[in-house]
Amino acid sequence: MQDLEALKSELTAAIDGAGDLDALEAVRVAALGRKGSVTGLMKTLGQLDADERKAAGRAFNALKDEIAEALEARRTALSASGLDARLAEEKIDVTLPVRPERRGCVHPISQTIDEVIAIFGEMGFTVAEGPDIEEDWYNFTALNIPQDHPARQEHDTFYINAEKEGRRMVLRTHTSPVQIRTMQSQKPPIRIIVPGRTYRSDHDATHSPMFHQVEGLVVDETSHMGHLKGCLMEFCRAFFGIDDLPVRFRPSYFPFTEPSAEVDIGCTREGGGLKIGAGDDWLEILGSGMVNPAVLENCGIDSAKYQGFAFGMGVERLAMLKYGIPDLRTFYDSDIRWLKHFGFAPLDVPSLLGRTVG
Ligand code: DAH
């Protein structure tokens, strides 16, 4: 029994002295492995007589259990300190400021679209989308622009395939076809905006074959011209951040709205530069109108019960006016110096989100 006490303190000291999990495993093998010291003790039981065997067996088993327990406790302690050491080594301070050099930035087109969405989002509009490659019917016919309508020529359409079974595909010339798709798939009340790419075969200093629009559509039982005016005045003032920005509604014509109005905002051109705000001049920024009953009927909506208003605006134009970008073509040059100058930090959330509209 004296031997047992000595063995126990020897093994316990070895377990406590094991500096890592590998050293501990070596101690375990030396004690409890097939040729281990405790296992060796068990093998001697056979040489003892029956009485001695019983008492020795109990003592050997107790030693074996104690050693196994001590090994387990040490293993737990070593694993925890290993994790602590790794955590300490791999620690990152998340409160450190962002690195000063900006690697990439948000394109003014994306920023402008985000701002428009933020303003209309606060007014309860949701975002809808539609395909860039569109059927002629959605892009024109359903919007009350029939085959021989002069507006078709004005749109400088890119046609994809020549007439095929009467269905002709085009690159959408405006975001208005998404009005039709939404009215076909959703029951009123409808309140959507549609940001997206649009295409026209036109290329010069003020036109790009690909550009962006945001469409808006409201359909319900009560909306009227007063709502259209209030909604768009509020949008213009929030977007340009000028509370008393003059907004003018000028009678116009679009086949899909009746009556139609173009929206101008006040500006001055004194001293050569353009300044948005009160002044003696006007800038056109939006097309709008009450949804033509014929368009509602084309989508299967009862025009005796429902009415609404729609609007459309060019994103590049909005961005140029708000951020003083002088040349449309630079939007698509992918010039990193231009982007550094006119782009936005990725963490610049559209500031208008927190603004009260209305
Ligand atoms: N689709 C028109 C265009 O591209 C813009 C427009 C005008 C959209 C009036 C509308 C609207 O929804 O009501 O020129």
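Being a predicted model, the structure only gives us computed values, none of them experimental. Whatever order the structure lists them in is the order used to number ligands and atoms, beginning at 1.
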**Report entry** Chi angles and distances behind the side chain to side chain donor-acceptor pair (under 3.5 Å) call for R329, T206
**Finding:** CA-CA 8 Å; R329 286 169 291 198; T206 52; over 6 Å; no
Out of all atoms in ligand 1, which are within 4.0 Å of some heavy atom of [X]? Include the element for each.
X: F254; answer: 7 (C), 9 (C)
X: T257; answer: 13 (O)
X: G289; answer: 13 (O)
X: G312; answer: 6 (C), 8 (C), 10 (C), 12 (O)
X: Q213; answer: 3 (C), 4 (O)
X: S176; answer: 1 (N), 8 (C)

Requested in this report: Look at ligand 1 and say whether Q179 reaches it with a heavy atom at a distance under 4.0 Å.
Outcome: yes
Query raised in the report: Just wondering, more than 12 heavy atoms not from D84 lying within 6.0 Å of its CG?
Result: yes
Query raised in the report: Any chance CZ of R197 has more than 12 other-residue heavy atoms, nucleotides or ligands included, within less than 6.0 Å?
Result: no
Query - Side chain T173, main chain R200, donor-acceptor under 3.5 Å - result: no
**Report entry** Donor-acceptor contact present, side-chain T257 to main-chain Y253, <3.5 Å
**Finding:** no
Report summary line: atom 3 (C) of ligand 1 has as its nearest protein heavy atom R200 NH2, 3.7 Å
Report summary line: Nearest non-hydrogen protein atom to atom 12 (O) of ligand 1, with distance, is E215 OE2, 2.6 Å
Query raised in the report: For atom 11 (C) of ligand 1, which candidate among F256, Y253, F211 holds the nearest heavy atom?
Result: F256
Report task. Report yes or no: is the cationic atom of K322 (NZ for Lys, CZ for Arg) closer than 6.0 Å to the six-membered ring centre of F239, at no more than 45° off its axis? Result -> yes
Report task. Measure from NZ or CZ of R181 to the centre of the six-membered ring of Y138 and say whether it is under 6.0 Å with the direction within 45° of the ring axis. Result -> yes
Query raised in the report: For ligand 1, does A310 get within less than 4.0 Å through its side chain, its backbone, both, or neither, judged by non-hydrogen atoms?
Result: both
Query raised in the report: Going only through I, L, V, M, F, W and Y residues with side-chain contacts under 4.5 Å, is there a path from L21 to V29?
Result: no
